[in-house]
Amino acid sequence: GGGEMVSHLKEVTTTGEQMQITAAIVRLFKVMPQCRLHNHYGPTESHVVTALELSAEPEEWRRYPSIGRPIANSAVYVLDAEMAAVAIGVVGEVYIGGEGLARGYVNRAEMTAERFVPHPYSERGGERLYRTGDEGRVLENGEIEYLGRADQQVKVRGYRIELGEVEARLGKHPSVREAVVVARADTDEEGGGKRLVAYVVASEGAEIRSSEIRSYMGEELPEYMIPSLFVELEELPLTANGKVDRARLPEPDRSRVELDAELVLPRTPAEEVVAEVWARVLGLDQIGVRDNFFQLGGHSLLTTQMVSRLRDIFRVEIPLRSVFQSPTVEGVVNVIAEIWGEREIVEEIARTFKEVEQLSESEVETTLYAQE
């Protein structure tokens, strides 16, 4: 039966999709110490070109293992846009050379010329490299790390971001079993920009805490590569052949992001005004006074927009460092009160602002004419 098969199994080889080490895989290989797990990489246009044999200690396996090193008679390069080799650790496109390449695409000469390009480093004439369209980087130990498709590169707030690199870091967090990151157009954000949204499936028995995961990602990634929103799913939607179906990922619920803080609604006019400004800037419907601006999806550009709007309302210059130190509605109101020197003045400004906002255009004109 099954026990006999497990005891006789010596090798398992995977290829095709990116390998992900789940808790179930770890449990299986712990009871099969005689069995070795191999990770191979090779697109349709070539034979397998890299291989990795994982160690005998499943608990130490990385969630997303590398694709290993080139096998005999194959060559793998990680190159930049000018086809120059990138430095160790730098992301580039994976190119394949060697004996395992296909001749090209049947009756698709133009496509063949585009993907099978002259080999810039070969001393033999006529040799070609295949452009895989995959992103990767060479690690310190010489292995190659696969980071997803090159067409997963997006531009957010002026920065070019490799979604595969963000997903790779996110997937290493112990609370995350599976993760996919997309850039969604954000019509609510001023300028109609994009923001990164992470869809995560929690590990068994784990809890997804966005602040903890953001902090973890920030240890390796710059702020602009950290997702603004985290959406927890029971499972990722898949296509018929088992790939993540990005088109079926749900729109994030913009009523309120799942946060670590309990929802506490605004209690004073000043808190109401600041919360309304945050809601407009962040594109959310509801803001709690103890919610963290950056957990809600705020970033440096949105911080500047928020401070600018509050300056117009309260006639104060709020130092950006104050927002980073006190990134809640109640914290920002306290900062404004400290600048004015008295909380009641701030509340009176907020009350007046709310009254003016509620007046219709004709009422404002009537009020102005009456004052003349």
Side-chain angles (χ1 to χ4, degrees), residues 2-3 5-42 48-72 74 76 78 87-91 94 134-148 162-181 198-209 212-221 225-227 230 232 235-236 242 244:
M5 182 203 77
V6 168
S7 65
H8 284 80
L9 198 57
K10 300 298 181 188
E11 290 186 312
V12 173
T13 299
T14 69
T15 189
E17 286 298 299
Q18 183 178 21
M19 180 194 279
Q20 182 178 171
I21 302 299
T22 64
I25 290 175
V26 171
R27 285 196 300 269
L28 177 63
F29 279 86
K30 278 177 71 175
V31 300
M32 297 194 305
Q34 81 289 348
C35 187
R36 292 290 176 267
L37 178 58
H38 299 267
N39 190 25
H40 287 182
Y41 167 78
V48 165
V49 291
T50 72
L52 172 76
E53 179 181 327
L54 279 82
S55 73
E57 302 296 334
E59 295 94 339
E60 297 177 8
W61 294 348
R62 293 172 54 193
R63 184 176 292 270
Y64 292 95
S66 78
I67 55 175
R69 295 182 173 85
I71 63 172
S74 70
V76 179
V78 181
I88 287 174
V90 175
V91 177
V94 177
D134 291 334
E135 296 284 357
R137 60 182 162 202
V138 180
L139 303 176
E140 292 281 353
N141 62 5
E143 294 176 3
I144 298 165
E145 183 177 29
Y146 171 85
L147 293 171
E162 312 287 346
L163 293 179
E165 191 171 3
V166 181
E167 289 172 354
R169 177 61 179 168
L170 179 55
K172 291 175 184 175
H173 192 281
S175 296
V176 177
R177 191 179 87 210
E178 294 178 279
V180 63
V181 178
Y199 295 86
V200 296
V201 178
S203 301
E204 194 173 343
E207 184 182 353
I208 299 297
R209 298 180 70 87
E212 181 188 312
I213 295 175
R214 285 176 60 86
S215 175
Y216 171 81
M217 296 184 75
E219 292 172 9
E220 281 192 8
L221 300 178
M225 290 182 71
I226 299 174
F230 290 84
E232 186 173 353
E235 57 185 26
L236 297 176
V244 175

Sequence neighbours excluded, the answer for side chain to side chain donor-acceptor pair (under 3.5 Å) partners of Glu11 is His38
To the nearest 0.5 Å, atom CD of Glu165 lies from atom CD of Glu220 at 9.0 Å
Evaluation steps, side chain to side chain contact (heavy atoms under 4.5 Å, CB included), between Leu52 and Glu143: CA-CA 8 Å; Leu52 172 76; Glu143 294 176 3; 3.5 Å; yes
Hits for side chain to side chain donor-acceptor pair (under 3.5 Å) against Ser74, two or more places apart or cross-chain, chain-then-number order -> none
>> A side-chain contact here means heavy atoms from C-beta on lying under 4.5 Å apart; do Pro65 and Met19 qualify?
In response: yes
One should read off an interatomic distance between Glu232 CD and Ser175 OG, to the nearest 0.5 angstrom, of 9.5 Å
By side chain to side chain donor-acceptor pair (under 3.5 Å), Lys172 pairs with (sequence neighbours left out) none
The complete set of salt bridge (charged side-chain N to carboxylate O under 4.0 Å, His left out) pairs with one or both residues in residues 19-38, sequence neighbours excluded, reads Lys30-Glu59, Arg36-Glu53
Requested in this report: Start with the C-alpha distance between Leu236 and Glu178, add both sets of side-chain angles, then the distance that settles side chain to side chain contact (heavy atoms under 4.5 Å, CB included), and finish with yes or no.
Outcome: CA-CA 8 Å; Leu236 297 176; Glu178 294 178 279; 3.9 Å; yes
Glu219 meets the salt bridge (Lys or Arg N to Asp or Glu O under 4.0 Å) criterion, sequence neighbours left out, with Arg169
| message | Looking at Trp61 and Ser55, would you say the former's side chain and the latter's main chain have a donor-acceptor pair under 3.5 Å? | response | yes
Minimal heavy-atom distance between Pro174 and Ser203, with the atoms involved, is O-OG, 2.9 Å
When Val244, Val176, Val181 are each screened for side chain to side chain contact (heavy atoms under 4.5 Å, CB included) with Glu167, the one that passes is Val181
Worksheet item: Within the distance-only criterion (no hydrogens, no angle test), does the side chain of Gln34 pair as donor or acceptor with the backbone N or O of Leu9 below 3.5 angstrom?
Response: yes
What one should report as the nearest heavy-atom pair of Ala206 and Ala202 is O-CB, 3.9 Å
task: Would you please say whether a donor-acceptor pair under 3.5 Å links the side chains of His173 and Glu212?
output: yes
Hits for ring-ring contact (aromatic ring centres under 6.0 Å, His included) against His40, two or more places apart or cross-chain, chain-then-number order -> none
### Query
With a 4.5 Å limit on heavy-atom distance, are the side chains of Glu145 and Val78 in contact?
no
Item to check | Heavy-atom side-chain proximity of Phe29 to Val12 below 4.5 angstrom | outcome: yes
By side-chain contact (heavy atoms from CB on, under 4.5 Å), Ile226 pairs with (sequence neighbours left out) Arg214, Met217
When rounded to the nearest 0.5 Å, the distance separating CD1 of Ile213 from CG of Leu170 is 6.0 Å
Is the backbone of Leu147 close enough, under 3.5 Å, to the side chain of Glu135 for a donor and an acceptor to pair up by distance? no
Residues passing the salt bridge (Lys or Arg N to Asp or Glu O under 4.0 Å) test with Arg177, sequence neighbours excluded, are none
* **Check: Asn39 side chain, Thr13 main-chain N or O, donor-acceptor pair, under 3.5 Å** => no
Rounding to 0.5 Å, atoms CD1 (Ile144) and OH (Tyr41) come to a distance of 8.5 Å
To the nearest 0.5 Å, atom CG of Leu139 lies from atom CD1 of Ile88 at 9.0 Å
Hits for side chain to side chain donor-acceptor pair (under 3.5 Å) against Glu162, two or more places apart or cross-chain, chain-then-number order -> Gln153
Tyr64 meets the ring-ring contact (aromatic ring centres under 6.0 Å, His included) criterion, sequence neighbours left out, with none
Worksheet item: So, does Thr50 use its side chain to make a donor-acceptor pair with the main chain of Ile67 at under 3.5 Å?
Response: yes
